[in-house]
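Quantities reported herein were computed from a predicted structural model and do not represent experimental measurements. In this chain, numbering begins with 1 at the start of the sequence shown. Whatever order the structure lists them in is the order used to number ligands and atoms, beginning at 1.
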Amino acid sequence: MAVSSSLIKGLKCRECGRAFPAQAIYVCDYCFGSLEVDYDYDRIKGQVSRETIAARAHSIWRYREFLPIDGEPTVGFDTGMTPLLRARNLGEALGLKELYVKDDSVCHPTLSFKDRVVSVALSRAKELGFDTASCASTGNLANAVSALSARAGMKRVIFIPADLEMGKVVNSLVFAPTLVAVEGNYDEVNRLCAEIGARHKWAFVNINIRPYYAEGSKTYGFEVAEQLGWRAPKHIVVPAASGSLLVKIWKGFKEFHAMGLIPKPETRMYAAQAAGCGPIVEAVEQGSDIIKPVKPKTIAKSLAIGNPADGYYAADAIRETGGWGAAVTDDEIVEGIKLLAATEGVFTETAGGVTVAAARKLAAAGRLPKNESVVICITGQGLKTQEAVMHRIGKPIKIKPTLKAFEEAMERSAS
Ligand SMILES: *Cc1c(COP(=O)(O)O)cnc(C)c1O
Ligand SMILES: [Zn+2]
């Protein structure tokens with residue numbers, strides 16, 4: 001008899017714990033709680049070690065035992081294993097001695113951490129027999145689904161709010177999806193997609209495939225732990241939209257520890273949000289476990305989710321770990337982008353500006369201690385949100401093609 005190679009037991013309700021089959025479902029019939037993947041950890045423990053992982057190719061699939069597919073991965077062979085920079089200059093600017101930047105602004109293929117989650121979602125969607133990939137997106141997800149489904153040979157129907165940055169629109173359209181721009185904010189796009197999903201048998205990566213999709217975010221945390229020499233950092237500052245990335249980084253650290261790969265994580269989790277859309281930070285600051293939905297108003301469009309699906313769990317992880325949160329203004333976001341660029345030579349998008357600015361606030365408030373390891377999560381690429389900084393940086397010095405013109409211009413700019 002063939003033994004199943006699957007390390008997934010099924011899905012499990014996060015609220016009442018009821019078990020469900022590992023299908024394209026995401027809500028518990030009994031209590032309306034959200035579902036998550038349940039693994040066979042006893043079997044995983046017998047299969048993984050630091051050595052087996054380290055010997056594998058440099059992609060998210062080096063952690064395959066912790067990812068929810070039955071067979072071989074089919075999407076995302078080149079995704080993940082982005083740099084973890086030792087950020088000495090930024091650390092000096094923020095007064096932090098051991099600072100690292102995890103840099104998904106260069107994640108393959110569409111330059112954001114969404115390539116991780118979509119690689120996992122589409123690998124699973126193909127196993128479940130879907131031929132069409134879809135999503136409700138704040139921008140980066142649209143890019144990742146468009147590109148990765150093109151390479152996976154899937155049809156693609158993508159939904160975005162109509163007011164997205166040009167860079168994100170072009171970065172989807174080039175992969176020739178059916179791109180639907182909805183006149184409304186992300187929360188409205190998401191609700192519409194839930195209705196469309198009831199009619200069309202498509203793999204909406206962040207709706208009916210969400211339990212699998214969300215697991216892909218763990219690889220961000222796994223890489224941080226491996227790159228730090230198999231240990232979790234003391235502090236990690238994570239940008240939050242739905243809150244899923246934050247929740248899954250923490251879950252990833254706990255799993256690595258439970259499987260004997262790292263010492264017990266004593267990480268404090270911190271959420272970074274925009275002041276114009278900060279429902280998770282608001283709940284943390286109020287000491288409340290109720291997430292009050294807001295109408296987003298911020299230049300950080302990739303984080304503009306007013307009613308975050310995982311907000312409750314994110315606030316819970318922050319409380320459990322003794323972390324905190326910070327919300328920052330549009331001006332602070334732009335300053336954050338420029339500070340990272342000037343100190344570390346990394347150009348991040350508005351979400352990264354939120355993270356840098358939030359880390360700056362948390363350090364200034366003494367929430368991030370000077371002498372402990374701190375990781376800040378850079379999750380997207382600055383070339384996609386040029387509108388945000390275009391008028392807040394210098395201009396080129398324009399000259400005639402002569403040496404004289406050059407020397408004169410240098411004199412003028414020096415004076
Ligand atoms: C989507 C996104 C996030 C946040 O993701 P959640 O898991 O929904 O909290 C962070 N940064 C960037 C650049 C994103 O596109
Ligand atoms: Zn339930």
Side-chain angles (χ1 to χ4, degrees), residues 11-20 25-36 82 102-107 110-118 121 135-145 160 164-165 167-168 171 186-187 190 205-206 210 213-221 237-251 269 271-274 277-281 291 298 300-315 317-318 325 333 337 348-356 358 376-385 388:
L11 298 178
K12 196 172 78 179
C13 176
R14 279 158 130 186
E15 292 303 319
C16 72
R18 270 193 174 79
F20 294 86
I25 49 175
Y26 62 108
V27 187
C28 172
D29 300 344
Y30 298 92
C31 78
F32 300 106
S34 54
L35 304 183
E36 75 174 337
T82 56
K102 175 64 174 168
D103 187 11
D104 265 20
S105 75
V106 290
C107 199
T110 65
L111 310 178
S112 89
F113 99 92
K114 293 295 197 304
D115 292 319
R116 300 173 182 275
V117 280
V118 172
C135 67
S137 171
T138 58
N140 284 315
L141 184 58
N143 297 171
V145 174
I160 54 172
L164 277 196
E165 301 96 342
K168 291 198 178 142
N171 218 354
Y186 170 83
D187 299 285
N190 194 51
V205 299
N206 59 331
R210 189 174 182 87
Y213 158 95
E215 291 291 292
S217 286
K218 292 190 303 191
T219 64
Y220 194 100
V237 185
V238 188
S242 73
S244 179
L245 175 62
L246 187 151
V247 171
K248 295 295 179 170
I249 289 174
W250 178 229
K251 180 181 179 188
M269 307 295 302
Q273 293 199 295
C277 183
I280 297 171
V281 170
I291 305 289
T298 169
K301 295 184 184 186
S302 52
L303 302 182
I305 297 184
N307 188 11
D310 290 282
Y312 168 84
Y313 299 103
I318 291 166
I333 293 170
I337 294 173
T348 186
E349 68 148 81
T350 45
V354 169
T355 309
V356 173
I376 66 174
C377 300
I378 295 303
T379 47
Q381 168 59 242
L383 290 169
K384 295 191 196 182
T385 61

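- Taking every non-hydrogen atom of Gly243 and a distance limit under 4.0 Å, the qualifying atoms of ligand 1 come out as 6 (P), 8 (O), 9 (O).
- Figure legend: Arg18 and Tyr30 shown as a cation-pi pair, the cationic atom lying under 6.0 angstrom from the six-membered ring centre and within 45 degrees of its axis.
- Each of the atoms 11 (N), 13 (C) of ligand 1 lies under 4.0 Å from some heavy atom of Ala351.
- Leu245 N, 2.9 Å is the protein heavy atom nearest to atom 7 (O) of ligand 1.
- At the top of the distance list for atom 2 (C) of ligand 1, counting protein heavy atoms only, stands Lys114 NZ, 2.4 Å.
- Take Ser217 and apply the side chain to side chain donor-acceptor pair (under 3.5 Å) test, not counting sequence neighbours, and it matches no residue.
- Of all the heavy atoms of Ser242, the ones lying under 4.0 Å from any atom of ligand 1 are found in both the backbone and the side chain.
- For the pair Ala240 and ligand 1, a heavy-atom separation below 4.0 Å is found.
- At a heavy-atom cutoff of 4.0 Å, ligand 1 is contacted by no atom of Asp310, backbone or side chain.
- Heavy atoms from both the backbone and the side chain of Thr379 come within less than 4.0 Å of ligand 1.
- Set against the non-hydrogen atoms of Ser244, the atoms of ligand 1 under 4.0 Å away are 6 (P), 7 (O), 9 (O).
- Contacts of Thr82 classified as side chain to side chain donor-acceptor pair (under 3.5 Å), with partners at least two apart in sequence or in another chain: Lys102, Asp104, Arg116.
- Closer than 2.8 Å to the Zn ion (ligand 2) sit the protein N, O or S atoms Cys13 SG, Cys16 SG, Cys28 SG, Cys31 SG.
- For Gln381, there are no side chain to side chain donor-acceptor pair (under 3.5 Å) partners at least two apart in sequence or on another chain.
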